[in-house]
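Structure record follows, encoded as structure tokens.
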Amino acid sequence: MAGPHRNLVRGYADELRLFGTPLSRAGLVALVAVFLLLPTVLHDDFWLSVLIYVGITAIGAIGLNLLTGYCGQISLGHAFFIGAGAYVAARVGGDTGLPLPLWLLAAALIGAVLGGLIGPFALRLRGHYLAIVTLGLIFIGEHLWRNLTPVTGGNSGTSVRAEPAIGPLDFGDLTLFGESYSRNQGWFWLVWGLVALVALLAKNLVRTRPGRALQAVRDRDQAAEVIGVRAGRYKIGAFMLSSAIASAAGALFGSYQQFVSPDEWNLLLSIQYIAIVIVGGLGTVFGSVLGAIFVGALPAIIDRYSEVIPGVRTSVGGEGFISVFALNQALFGVLIVLFLVLEPRGLAGIWLRTKAYFKAWPFSY
Amino acid sequence: MTTFLQNCFAGLSLGSTYALVALGFVVIYKSTGVINFAQGGLLALGAYLGYTFSNNLAVAFAVAVLLCCLSAALVGATFERIVLRRMVGQPPFAVIMITIGLLFVLEPLITAVWGFEHKQVDNPWNIRTVEAFGLVFGVRDLWTIGLTAAVVLAFFLFFRFTSLGLAMRVTAFDPEAALAQGISARKVYATSWAIAAALAALAGILMAAGPGGLTPSIGFIALAAFPAMILGGMDSPAGAVLGGLIIGLAEAITRGYQDRLFSWAGDNVSVIVPYLLMIVILLIRPYGLLGTKEVRRI
């Protein structure tokens, strides 16, 4: 007697499983294999460092997606929290030499506290206010970073000496089973391991009670309040969580880059994150990762191949009509507009459509 | 006392610029419910177009101002027609992001065409000043305040006494009822974008004629006009003007007393004063000085 078909959903628990079908379990195994083997195959430091930055960006983007995609609140202040995290890493991790989990948690904690302080201002009214208040946050933050010299090093920036080490396990200088790995290889495993962890955390959050509450607030906050969801609390909670994740991402960013300056936490960085969330797909966790790969890798690739792209100026006063920086900025803008107008569900939507097509194949109409 | 009055005058001039931009925000917000983050891009575009008309094509400055306002209005209306019309009924989030996208496309385009260099717009005022009551007034500042007052007056007269202005007020009040009365929503939406863009361009060219000259970062002034809009109330044109003037005064006075009173808070505190003021306002009067209190119904 044959059992039920492998794709049959027999209850709510089946419905909620993250990897419910054999195919998706095979996909998971493939992803883990890629995660473990890629750094040993790919030795090129340029591509490894692009992938590390993409991973850090993916963590921050998952945080923003929880706020924007799931709770429907738009924040332009993500860069502020990323910056805050980087400075926490510099002061807590670098100056005291604490191990990785501690400075990462400290960054997340301080991010959450900052988010909790600012959230109530922004969420007093619905709709557009959060966007404008968090826009102000970027400018106030930039002023703070430039003037809190003991913490941030002022205009000239500060070095971040937070070591990515847990006891004897140092991801910056990894030695496993007698084999030693380069800094970039170690960082790749660390960052993408953390991406998986944060993605799992986010996924678990959104398929449980608080996650459903967030989505109810997003879809219609008054209706949510009527059925007993405390919309204000969940909005502030989502804002704090998103800030905490952003700060953790910022701490990783600072520690990997080893040096940060106040110019980096500007509006463009926030817009980059928003572009990632939109291009990847609002309200999907794996969309944030897809978006980070797509949008996060773009500047690095443009920078690398700027010599061969026609019309791009590689040096000040050089040939071409548009600088690398300006081209990046314009691309973010164009991507946001195109995706919102033509494909509002983002890359995740395209992926789901492709999947649905092959599931139903050869049926089509 | 002289210093204080001098700072107040500078504040009025700066505030006039804010008021123009904030008025543009309110026009679009009232009639279409969209917050237009691209205002800064339109402002910079207007200023650079004015530069081209005035310097490269050597038309009279007054004509250049008029031309740059008209062409910015055209760009604004075109954008509304091509992109924003598709977004009707979409969540506000998506529409805000569209305008941010436009801002981030406009800025690099402007630097690609006109470059990063500091430019000086040919204008009849330059740094001439007049003295009265023991104070020194910049001619450009006087013109900025005067032109703003004239434009604001024309603005209110337009909405009060013309049929198109009436149509726009009706659409802002109830779009469906307006449609039922035969008012073309297309025309109203396009007109509000055109008005907002023209106001931004005027603010831009007035800024560019000033001592700061013309740089690609000129569009940032529009971001500081958001607090002006919040301060006055998002749906109140009079509030936008008032908010703009208050924000401008606060910024200029902080700048004037930077060394004496605000040195403890770091350099250039004046830049963040608008945002700090906005946060305070959101605490005390979240709907602004003249805005309508939001009523929530279930």
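Just the heavy atoms: all of them, side chains too, but no hydrogens, waters or symmetry mates, feed the values below.
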When the 4.5 angstrom heavy-atom criterion is applied to A:Thr68 and chain B, the contacting part is side chain
Is the side chain of A:His78 donor-acceptor paired with the backbone N or O of A:Ile274 at a distance under 3.5 Å, no angle test?
no
Which bit of B:Leu109 comes within less than 4.5 Å of chain A, counting heavy atoms only: side chain, backbone, both or neither?
neither
For B:Arg85, is the CZ atom crowded, meaning more than 12 foreign heavy atoms sit under 6.0 Å from it?
yes
Counting a contact as any heavy-atom pair under 4.5 Å apart, which residues of residues 243-254 of chain B contact chain A?
none
Within the distance-only criterion (no hydrogens, no angle test), does the side chain of B:Ser236 pair as donor or acceptor with the backbone N or O of B:Gly233 below 3.5 angstrom?
no
Under a 3.5 Å distance rule, please check whether B:Thr99 uses its side chain to pair with a backbone N or O of B:Phe37 as donor and acceptor.
yes
Are there residues of residues 260-272 of chain A that reach to under 4.5 Å of chain B by heavy atoms, and which ones?
A:Leu267, A:Leu268, A:Ile271
Is it true that atom CZ of A:Arg345 has more than 12 heavy atoms of other residues, nucleotides or ligands lying nearer than 6.0 Å?
no
Below 30° counts as parallel, above 60° as perpendicular, anything between as tilted: where do the rings of A:Phe80 and A:Trp145 land?
parallel
Does any heavy atom of chain B fall under 4.5 Å from the side chain of A:Phe332, the backbone, both, or neither of them?
neither
Measure distances from A:Ile278 to the heavy atoms of chain B and classify the residue's part below 4.5 Å as side chain, backbone, both or neither.
side chain
B:Met97 versus chain A, the contacting section by heavy-atom distance below 4.5 Å:
both
Keeping A:Asn65 on the side-chain end and A:Thr284 on the backbone end, is there a donor-acceptor pair under 3.5 Å?
yes
Step through it carefully: locate the ring centre of B:Phe226, locate the ring centre of B:Tyr275, and say whether they are under 6.0 Å apart.
no
Within the side chain of A:Gln215, is there an N or O that forms a donor-acceptor pair under 3.5 Å with the backbone of A:Gly211?
yes
Is chain A contacted by the side chain of B:Ile100, its backbone, both, or neither, given a heavy-atom distance below 4.5 Å?
side chain
